[in-house]
Each structure stands twice: as C-alpha cells, then as structure tokens.
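Only one structure is covered here, and it is reproduced in the block below.
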Amino acid sequence: MSSKQGGKAKPLKQPKADKKEYDEHDMANLQKKKDEEKALKELRAKASQKGSFGGSGLKKSGKK
C-alpha cells in the first residue's frame, strides 16, 4: 500500500515558446511601451516622495 499518488500532481512541462520575429513597426511599439512604463514608474516614485496631493489641504479660518 505504498503508492506515490497522494498529494498534488505536478503539472506537465510546457514546451518553450519560439522566439517571435518582430518587424520595425512592432519594435517601435515595444520601445514606446517600455518608455511609457519607465516614465510612469519614475512619476510614481516622485509622487511617493512628496506625500499627499494639495499640500496642506483645505484651510480653516479659525473663526467660531
């Protein structure tokens, strides 16, 4: 009674995908996408350093 079927079965290995051949238009689109992602990442880093938007927010007059 020592079978090795207990537990989760391992998935079969997927065959490696072939390298795609890109033309100039595809390469331009990929480069543009990478540049946009890089710019977005830099903006996120910059925004996280500054803190909240609007500085101090709404100011109260102090009068009651």
Inset, instruction - For residues E42 and K46, determine if any side-chain heavy atom of one lies less than 4.5 Å from a side-chain heavy atom of the other. - result: no

Inset, instruction - Measure the spacing between CG of D35 and CG of L30 and express it to the nearest 0.5 Å. - result: 11.0 Å

Legend entry - For E36, side-chain hydrogen bond (donor to acceptor under 3.5 Å, both in side chains) partners two or more places apart: none

May I have the list of side-chain donor-acceptor pairs in residues 13-20 shorter than 3.5 Å, sequence neighbours left out?
none

